Chemist: 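Provided herewith is a single structure, encoded as structure tokens, for subsequent inquiry.
The structure presented is a predicted model; accordingly, all values stated were derived computationally and were not measured.
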Amino acid sequence: MFSDYFTEWNAQNIFIRITVSFIIGIAIGLDRGAKRRGGGARTTLTVCLGATMVMLLEQYLEQIYGSQVNITRIAAQVVSGVGFLGAGSILLSGHQIKGLTSAASIWTCACIGLAAGIGFLDGAVILTLFWLTGLHIVPFIEARFYKHSRYLTLYIELEDGKAITNVSRKLKETPCQIDTFDVDKPKAKGQQYQVMTTFKIPNHTDKEAFVRAIQNLKGVSSVTEV
């Protein structure tokens, strides 16, 4: 590990810290942007460099004022305050919440910037590599794991209130273990009923065939697996 070298306060190390923060910020942003997700390269670059500057400022103040300065005070405000950026990237799109990973990415990017700013460059680089690797590998693991899950969450649009009974009866006939069954009534004429339900289907039941069976029920307009 080479952290001790980069924690020394000199012009060369300051330049190296900012450069590493610059590269990491862009790498994280490009990864998010390539997937058409929130928190692109300009956002993550800005957050990472800003957090780096906070830690440089903290160390500078410590060099000038010594023990009179609490070096963790401003950094703590960054960790808690950067949340407003993450909140801005979380959106409710129809029946799904999107942007949670983007919000977490912005927060993590700020933490990495803090590490780079104080000179903990090996930690910043290693965490970034693990993080970006995880973001690419975990979706494949999730897909294989959830494929064998017996739980389903369905978003169902219905033509009228009678169709709610048809869906409920179908779930009970299987029989399914229903966790939630939330109904949103139309707020205006011409709109459809909306049902969000999570349930566990019995073993050896074909999930695709079961979803198709619900889709074919009378009064059901659409069924989407969430």
Side-chain angles (χ1 to χ4, degrees), residues 28-44 47 82-109 131 134-226:
I28 293 171
L30 290 176
D31 179 75
R32 301 301 299 159
K35 301 174 184 177
R36 299 298 187 269
R37 299 292 192 266
R42 289 180 297 177
T43 300
T44 54
V47 170
V82 77
F84 83 93
L85 284 176
S89 65
I90 300 175
L91 301 172
L92 179 61
S93 177
H95 54 281
Q96 291 182 310
I97 297 176
K98 298 183 177 180
L100 290 175
T101 303
S102 297
S105 298
I106 292 173
W107 183 82
T108 304
C109 190
W131 178 26
L135 287 178
H136 288 85
I137 292 178
V138 168
F140 294 100
I141 298 176
E142 285 183 325
R144 294 180 65 87
F145 182 79
Y146 295 154
K147 183 178 180 181
H148 300 287
S149 174
R150 308 313 299 168
Y151 283 89
L152 278 174
T153 298
L154 300 180
Y155 171 76
I156 309 171
E157 292 188 346
L158 309 169
E159 296 176 356
D160 51 46
K162 295 180 180 179
I164 298 175
T165 304
N166 296 336
V167 173
S168 178
R169 184 183 298 115
K170 177 63 178 178
L171 294 178
K172 293 177 181 179
E173 286 175 352
T174 306
C176 298
Q177 298 178 18
I178 301 175
D179 282 350
T180 61
F181 193 89
D182 301 322
V183 179
D184 286 337
K185 296 182 179 180
K187 297 180 176 60
K189 189 175 181 180
Q191 293 182 341
Q192 296 186 322
Y193 284 80
Q194 299 173 347
V195 171
M196 180 74 77
T197 177
T198 299
F199 54 91
K200 181 181 180 181
I201 60 177
N203 294 330
H204 310 300
T205 300
D206 188 300
K207 290 197 292 185
E208 288 74 15
F210 186 78
V211 172
R212 287 196 300 270
I214 293 179
Q215 174 70 71
N216 294 331
L217 292 175
K218 184 178 180 181
V220 175
S221 300
S222 66
V223 178
T224 304
E225 185 175 351
V226 179

Chemist: According to side-chain hydrogen bond (donor to acceptor under 3.5 Å, both in side chains), who are the partners of Thr153, at least two apart in sequence or on a separate chain?
Modeler: Thr198
Chemist: Roughly how far, to the nearest 0.5 Å, is the CG atom of Asp31 from the OG1 atom of Thr44?
Modeler: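 The distance works out to 9.5 Å.
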Chemist: I'd like to know if the side chain of Thr180 reaches the main chain of Thr197, judged simply by a donor and an acceptor atom lying under 3.5 Å from each other, with no hydrogens or angles considered.
Modeler: no
Chemist: If I take atom NZ from residue Lys218 and atom NZ from residue Lys162, how far apart are they, to the nearest 0.5 angstrom?
Modeler: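 Those atoms lie 7.5 Å apart.
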Chemist: For Ile141, give me all partners under side chain to side chain contact (heavy atoms under 4.5 Å, CB included), at least two apart in sequence or on another chain.
Modeler: Ile137
Chemist: In residues 201-210, what donor-acceptor pairs under 3.5 Å come from side-chain atoms, sequence neighbours left out?
Modeler:
residue, atom, partner, partner atom, Å
Thr205, OG1, Pro202, O, 3.1
Asp206, OD1, Glu208, N, 3.0
Asp206, OD1, Ala209, N, 2.9
Lys207, NZ, Tyr146, O, 3.3
Lys207, NZ, Lys147, O, 3.4
Lys207, NZ, Ser149, O, 3.1

Chemist: With sequence neighbours excluded, give me every ring pair (Phe, Tyr, Trp, His ring centres under 6.0 Å) pair touching residues 163-183.
Modeler: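 Passing the test, one end in residues 163-183: no pairs.
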Chemist: Of all residues at least two apart in sequence or in a different chain, which pass the side chain to side chain contact (heavy atoms under 4.5 Å, CB included) check with Glu157?
Modeler: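 With sequence neighbours excluded, Glu157 shows a side chain to side chain contact (heavy atoms under 4.5 Å, CB included) to Tyr155, Gln192, Gln194, Ser221, Ser222, given in chain and number order.
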Chemist: Return the set of residues passing side chain to side chain contact (heavy atoms under 4.5 Å, CB included) with Val223 (not counting sequence neighbours), or none when no residue passes.
Modeler: Leu154, Ile156, Val211, Ile214, Gln215, Val220
Chemist: So how far is it from Asn216 CG to Asn166 CG, rounded to the nearest 0.5 Å?
Modeler: 12.5 Å
Chemist: Check the pair Arg169, Leu217 against side chain to side chain contact (heavy atoms under 4.5 Å, CB included), reporting the backbone distance first and the verdict last.
Modeler: CA-CA 11 Å; Arg169 184 183 298 115; Leu217 292 175; over 6 Å; no
Chemist: Nearest 0.5 angstrom please: Ile164 CD1 to Lys185 NZ, how far?
Modeler: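 Between Ile164 CD1 and Lys185 NZ, I get 7.5 Å after rounding to 0.5 Å.
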Chemist: Within a strict 4.5 Å, meaning less than it, do heavy atoms of the Thr174 and Phe199 side chains meet?
Modeler: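 Thr174 does not reach Phe199 side chain to side chain.
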Chemist: Partners of Arg144 by side chain to side chain contact (heavy atoms under 4.5 Å, CB included), sequence neighbours excluded?
Modeler: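 Partners of Arg144 by the side chain to side chain contact (heavy atoms under 4.5 Å, CB included) criterion come out as none, since no residue qualifies.
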